[in-house]
Amino acid sequence: MRAAILFATALLAASPVSAQGMRHWALGRPLFDTVFDPERNFPDLEKGGDDQMILTVQTSARDDMAPAISLAIAYRCITISPTSCQPTYTARMLRVAPEASQFEASVAMLVRLSKASNDGEARSALDASNLEWVEADVLKCDGGLDALEGVRKADWSPDLHYKLRAEPEIIMHPAMIRVTMRGDVTTSSYRGWVLAPGVPAAVRTLIATLDKCWKPSSAPKPWASGPIIR
């Protein structure tokens with residue numbers, strides 16, 4: 001517990017955010033409903049057909065105010081003839097930076113956005129933020145389908161409530177994760193600390209597995225259209 005507190009204190013001391021810059025955090029949370037909404041990763045998903053969104057993931061670099069990752073995996077059956085299609089699982093990810101520098105990259109993005117007065121200027125700010133917009137074929141990526149199955153089989157149970165713990169762990173300003181996975185008739189959701197075991201660990205493994213297979217996505221960027229600043 002003491003190690004977690006010391007780590008968080010050191011992170012805050014090293015952060016480039018001044019007291020005046022605290023207003024930038026107000027911009028982060030709404031981005032999870034716009035640019036970092038995983039549903040935006042598939043504007044080309046066919047509605048009402050066989051296409052389905054299977055998995056959506058949102059992560060932050062601090063609390064829920066510093067967006068880091070928006071990941072979506074969709075099942076699609078690509079038409080190859082008038083009578084047949086080729087099933088595929090496509091992953092698309094928007095990421096501010098690799099894990100080691102996500103906090104700094106997210107803050108820098110928020111600083112740029114704080115200078116925007118409309119969505120047009122916000123789009124320019126995001127273009128200048130060097131965000132990763134990538135995709136991968138899960139079936140063709142070695143270990144990809146197994147890693148996706150690992151998320152499905154992970155422990156989706158909530159942690160023990162802190163008042164029931166003999167020594168509750170205190171994690172200051174934790175990076176957060178939200179995960180939703182859809183089956184045929186069942187949908188499961190998880191929200192918690194991104195470094196926790198269970199679902200968060202399985203998602204981290206999935207992203208690490210896909211890291212060797214990402215390529216630039218030709219799909220429209222999540223900030224190319226629609227509202228950005230709310």
Side-chain angles (χ1 to χ4, degrees), residues 7-44 56-73 91-136 171-180 191 193-195 200 203-204 207-208 210-211 214-230:
F7 173 77
T9 302
L11 181 62
L12 290 174
S15 95
V17 182
S18 64
Q20 182 181 3
M22 288 299 290
R23 63 190 178 89
H24 300 145
W25 295 120
L27 299 173
R29 186 175 288 117
L31 288 180
F32 285 112
D33 296 322
T34 58
V35 177
F36 283 81
D37 177 0
E39 297 287 341
R40 282 201 183 188
N41 293 10
F42 281 92
D44 52 342
T56 60
V57 176
Q58 295 173 302
T59 74
S60 72
R62 173 180 168 177
D63 299 315
D64 58 352
M65 299 181 292
I69 290 175
S70 169
L71 168 69
I73 296 181
R92 287 181 185 159
M93 180 177 69
L94 174 63
R95 181 165 60 181
V96 295
E99 185 175 357
S101 56
Q102 283 178 2
F103 179 76
E104 293 81 3
S106 187
V107 171
M109 176 186 68
L110 295 177
V111 169
R112 290 189 184 92
L113 284 171
S114 71
K115 301 174 183 178
S117 58
N118 55 57
D119 279 347
E121 293 179 0
R123 291 187 222 286
S124 297
L126 291 168
D127 284 335
S129 295
N130 297 317
L131 305 178
E132 296 180 70
W133 174 231
V134 293
E135 70 176 63
I171 304 170
M172 297 176 64
H173 303 292
M176 301 298 290
I177 186 170
R178 299 182 186 91
V179 185
T180 299
R191 181 182 185 276
W193 185 31
V194 73
L195 295 179
V203 170
R204 297 198 308 274
I207 293 174
L210 295 176
D211 268 342
W214 296 120
K215 62 180 182 180
S217 177
S218 59
K221 296 175 180 178
W223 64 92
S225 61
I228 296 176
I229 301 175
R230 287 186 174 178

_Qualifying residues under side-chain hydrogen bond (donor to acceptor under 3.5 Å, both in side chains), relative to T56, sequence neighbours excluded_ = none
*With sequence neighbours excluded, what pairs up with R40 under the side-chain hydrogen bond (donor to acceptor under 3.5 Å, both in side chains) test?*
none
_side-chain hydrogen bond (donor to acceptor under 3.5 Å, both in side chains) partners of S117, counting only residues at least two apart_ = E121
*asked:* Testing the basics here: between P67 and S106, what is the closest heavy-atom pair and its distance to 0.1 Å?
replied: O-OG, 2.8 Å
_Distance check, rounded to the nearest 0.5 Å: R95 atom CZ versus W133 atom CH2?_
13.0 Å
*Could you tell me which non-hydrogen atom of R112 sits nearest to which non-hydrogen atom of S129, and how far apart they are?*
NH1-OG, 3.4 Å
_Quick check: closest heavy atoms across W193 and P174, and the distance to 0.1 Å?_
CD1-CB, 3.5 Å
*Heavy-atom pair of closest approach, residues A91 and L210*: CB-CD1, 3.9 Å
*By side chain to side chain contact (heavy atoms under 4.5 Å, CB included), which residues pair with L126, not counting sequence neighbours?*
V35, M109, L113, L131, W223, I228
*What's the spacing between L110 CG and M65 CE if we round to 0.5 Å?*
10.0 Å
*Taking all heavy atoms of L31 and all of L27, pick out the closest pair and write down the distance.*
CG-O, 3.4 Å
_Counterpart residues, side chain to side chain contact (heavy atoms under 4.5 Å, CB included), relative to E99 (two or more places apart)_ = Q102, L195
*Heavy-atom check, side chain of N118 versus side chain of I229, under 4.5 Å*: no
*Counterpart residues, side-chain hydrogen bond (donor to acceptor under 3.5 Å, both in side chains), relative to W214 (two or more places apart)*: D211
*Under the side chain to side chain contact (heavy atoms under 4.5 Å, CB included) test, which residues partner R178, sequence neighbours left out?*
F32, Q58, D64, R191
*What's the shortest heavy-atom distance between I207 and I69, and which atoms?*
CD1-CD1, 4.0 Å
*D127 versus K221: any side-chain heavy-atom pair under 4.5 Å?*
yes
*salt bridge (charged side-chain N to carboxylate O under 4.0 Å, His left out) with R92: which residues, sequence neighbours excluded?*
D44, E135
*Could you grab the distance from atom CD1 of I73 to atom CE of M93, nearest 0.5 Å is fine?*
10.5 Å
*Can you name the residues that form a side chain to side chain contact (heavy atoms under 4.5 Å, CB included) with P98, not counting sequence neighbours?*
S101, E132
